[in-house]
Peer 1: 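Structure in structure tokens, see below.
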Amino acid sequence: MPAQSGPAKQPQQLTPFASALGGALGACFSTAVVYPLDVAKTRIQVTSSSARGKRKDDLNMLHLLLEILKEEGINGWYRGFAATMLNTFSMQYAYFFFYSFIRSSYIKRMTLKLPPGSKPPALSTVAELSLGAAAGALSQIFTIPVSVIATRQQVGRSAENEGPVDESLLAVAREIVREDGITGLWLGIKPGMVLTINPAITYGVYERLKSLLLLASSANGKLTPGMTFMLGAFSKTLATIVTYPYIMAKVRIQARSTERDALEGGGNTKPKAKHPGALSLLLKVLRKEGFVGWYQGMSAQIIKAVISQALLFVSKEQFEHWALAIMHLFAKFTLRS
């Protein structure tokens, strides 16, 4: 039956390029679907403790979305959309490319040590986490400048800026370079490198649970969309809970929320003051707000991240099939020419 043999072989034919393209397109699709939630969760994460005291009952995702719609219109829900799409595509493409390349190379090396014809064993959880972290670290280095720009656009300018301002990607990039130098485009790189464990946990847990489920069932190498969605949601929730304090710290550093807080509180923080590191920021939050402060906005982060990640897992295989079809067509045209 051709319908059964096709899907079982297709994943074996995927190159790192096709896997990366499918993953990046799926990530863009899932991010676009939940983008207003992303804007809301970013603003919750960077909200100062003083502002949170004034709006304690109002600072939830639904209320914030309605407030943005009322004050800024529908465009407010899509602040920084272009930069975020560019960041999502480049980040996910780089991650999936490095992850697929490193993982396939590692499996090939394992297979060479086995007798001919032997099936390679499933990777351990530690191996999956290590491979994912290595892929995440490589992708972070190349893509974090766009992430910094997207975060600034989502948060918006401070209240002291009146009148029309240029909030395009290039304008925000020039402002960051003018205020902080070229290194300002890499704000949050240190917590970002720590956060490479987030996709590592997500994909490591997902792949591990997927392999266990496939071994325990006769699913013919594929999970149902519903099971894929549930696995993706569970994996991302676990990764978010483990890494959330650093997620919050990274967003605050990129948005320069500590300087905003000082200015709002009457401080005299200068624009070019040294940016606090993630650890010092987390210690400051702990002193002022307690342990709960480390998890400010986590529910919004989980809602957005789980829906986005689950949609990604569900759509990634379909986008991989399309990427594979595109590559076959491209190969045919190349042979004819």
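Owing to the predicted nature of the structure, the values given are computational and were not obtained by experimental measurement.
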Peer 1: So, Arg43 side chain and Leu64 main chain: donor-acceptor pair closer than 3.5 Å or not?
Peer 2: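 No, Arg43 side chain to Leu64 backbone: no donor-acceptor pair under 3.5 Å.
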Peer 1: Applying side chain to side chain donor-acceptor pair (under 3.5 Å), name anything that partners Lys250, two or more places apart in sequence or on another chain.
Peer 2: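 Checked Lys250 against side chain to side chain donor-acceptor pair (under 3.5 Å); zero matches.
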Peer 1: Would a distance-only check, ignoring hydrogens and angles, find a side-chain to backbone donor-acceptor pair under 3.5 Å from Trp294 to Leu282?
Peer 2: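 Side chain of Trp294 to backbone of Leu282: a pair is present.
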Peer 1: Please give me the minimum heavy-atom distance between Leu169 and Ile149, naming the atom from each residue.
Peer 2: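 It is O-CG2, 3.9 Å.
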Peer 1: Can you name the side chain to side chain contact (heavy atoms under 4.5 Å, CB included) partners of Tyr244, sequence neighbours left out?
Peer 2: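 Result, side chain to side chain contact (heavy atoms under 4.5 Å, CB included) vs Tyr244: Gln45, Thr240, Ile247, Met248, Tyr295, Met298, Gln301.
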Peer 1: Any non-hydrogen side-chain atom of Thr228 less than 4.5 Å from a side-chain atom of Tyr206?
Peer 2: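 Yes. Closest side-chain heavy atoms under 4.5 Å.
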Peer 1: Do the side chain of Trp77 and the main chain of Leu65 share a donor and acceptor less than 3.5 angstrom apart?
Peer 2: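 Yes, the answer is positive, given that a donor and an acceptor are paired below the 3.5 Å cut-off.
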Peer 1: Nearest heavy-atom pair of Ala150 and Thr84: which atoms, and what distance?
Peer 2: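 Closest approach of Ala150 to Thr84: CB-OG1, 3.5 Å.
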Peer 1: Specify the closest pair of heavy atoms between Ile141 and Trp186, including all atoms of both residues, with the distance to one decimal.
Peer 2: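 The answer is O-NE1, 3.1 Å.
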Peer 1: Once rounded to the nearest 0.5 Å, what's the spacing between atom CG of Leu66 and atom NZ of Lys70?
Peer 2: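 NZ of Lys70 is found 10.0 Å from CG of Leu66.
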Peer 1: Measure from the side-chain N and O atoms of Ser100 to the backbone N and O of Phe97, and report whether any donor-acceptor pair falls under 3.5 Å.
Peer 2: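 No; judged by distance alone, with no hydrogens or angles, the pair does not exist.
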Peer 1: What is the minimum heavy-atom distance between Leu37 and Met61, and which atoms define it?
Peer 2: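 Shortest heavy-atom contact: CD2-SD, 3.4 Å.
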Peer 1: Mark yes when over 12 heavy atoms from residues, nucleotides or ligands other than Met85 sit less than 6.0 Å from its CE; otherwise mark no.
Peer 2: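 Check passes, neighbour count above 12.
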Peer 1: Scan residues 23-46 for pairs that pass ring pair (Phe, Tyr, Trp, His ring centres under 6.0 Å), counting only residues two or more places apart or in two chains.
Peer 2: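 Qualifying pairs: Tyr35-Tyr78, Tyr35-Phe81.
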Peer 1: Do the side chain of Thr31 and the main chain of Cys28 share a donor and acceptor less than 3.5 angstrom apart?
Peer 2: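 Such a contact is absent between Thr31 side chain and Cys28 backbone.
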Peer 1: Could you name each residue pair satisfying salt bridge (charged side-chain N to carboxylate O under 4.0 Å, His left out) that touches residues 295-310, not counting sequence neighbours?
Peer 2: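 Salt bridge (charged side-chain N to carboxylate O under 4.0 Å, His left out) check on residues 295-310 returns Asp38-Lys304.
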Peer 1: I'd like to know whether CD1 of Ile68 has more than 12 heavy-atom contacts from other residues, nucleotides or ligands below 6.0 angstrom.
Peer 2: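 Atom CD1 in Ile68 is packed in, count exceeds 12.
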Peer 1: I need the minimum non-hydrogen distance between Ala83 and Val146, along with the two atoms involved.
Peer 2: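 For Ala83 and Val146, the tightest heavy-atom pair comes out as O-CG1, 3.2 Å.
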Peer 1: Tell me every residue that passes side chain to side chain contact (heavy atoms under 4.5 Å, CB included) with Val205, counting only those two or more places apart in sequence or in another chain.
Peer 2: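 Listed in chain order: Ile201, Leu209, Phe234, Ser235, Leu238.
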Peer 1: With rounding to the nearest 0.5 Å, note down the distance linking CZ in Arg208 to CG in Leu213.
Peer 2: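 Answer rounded to 0.5 Å: 11.5 Å.
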Peer 1: Distance check, rounded to the nearest 0.5 Å: Leu286 atom CG versus Leu281 atom CG?
Peer 2: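 One finds 11.5 Å between CG of Leu286 and CG of Leu281.
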Peer 1: Are Asp180 and Arg152 close enough for a salt bridge, meaning some N to O gap below 4.0 Å?
Peer 2: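 Looking at Asp180 and Arg152, the cut-off is met.
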Peer 1: Measuring from Leu231:CG to Leu212:CG, what's the distance to the nearest 0.5 Å?
Peer 2: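 So the CG of Leu231 and the CG of Leu212 are separated by 10.0 Å.
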Peer 1: Using a 4.5 Å cut-off on heavy atoms from C-beta on, say whether the side chain of Leu25 contacts that of Tyr93.
Peer 2: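 They are not in side-chain contact.
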Peer 1: Would you compute the distance between atom CG of Leu62 and atom CD of Glu67 and round it to the nearest 0.5 angstrom?
Peer 2: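 Those atoms lie 11.5 Å apart.
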Peer 1: Nearest 0.5 Å please: distance from the CD1 atom of Ile176 over to the CG atom of Leu185.
Peer 2: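 Separation between the atoms: 5.5 Å.
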Peer 1: Sequence neighbours excluded, which residues qualify as side chain to side chain contact (heavy atoms under 4.5 Å, CB included) partners of Thr237?
Peer 2: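 Thr237 satisfies side chain to side chain contact (heavy atoms under 4.5 Å, CB included) with Ile241, Ile302, Val306 only.
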Peer 1: What closest approach, in Å, do Gly184 and Val148 show between heavy atoms, and which atom pair accounts for it?
Peer 2: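 In this case the closest contact between Gly184 and Val148 is O-CG1, 3.9 Å.
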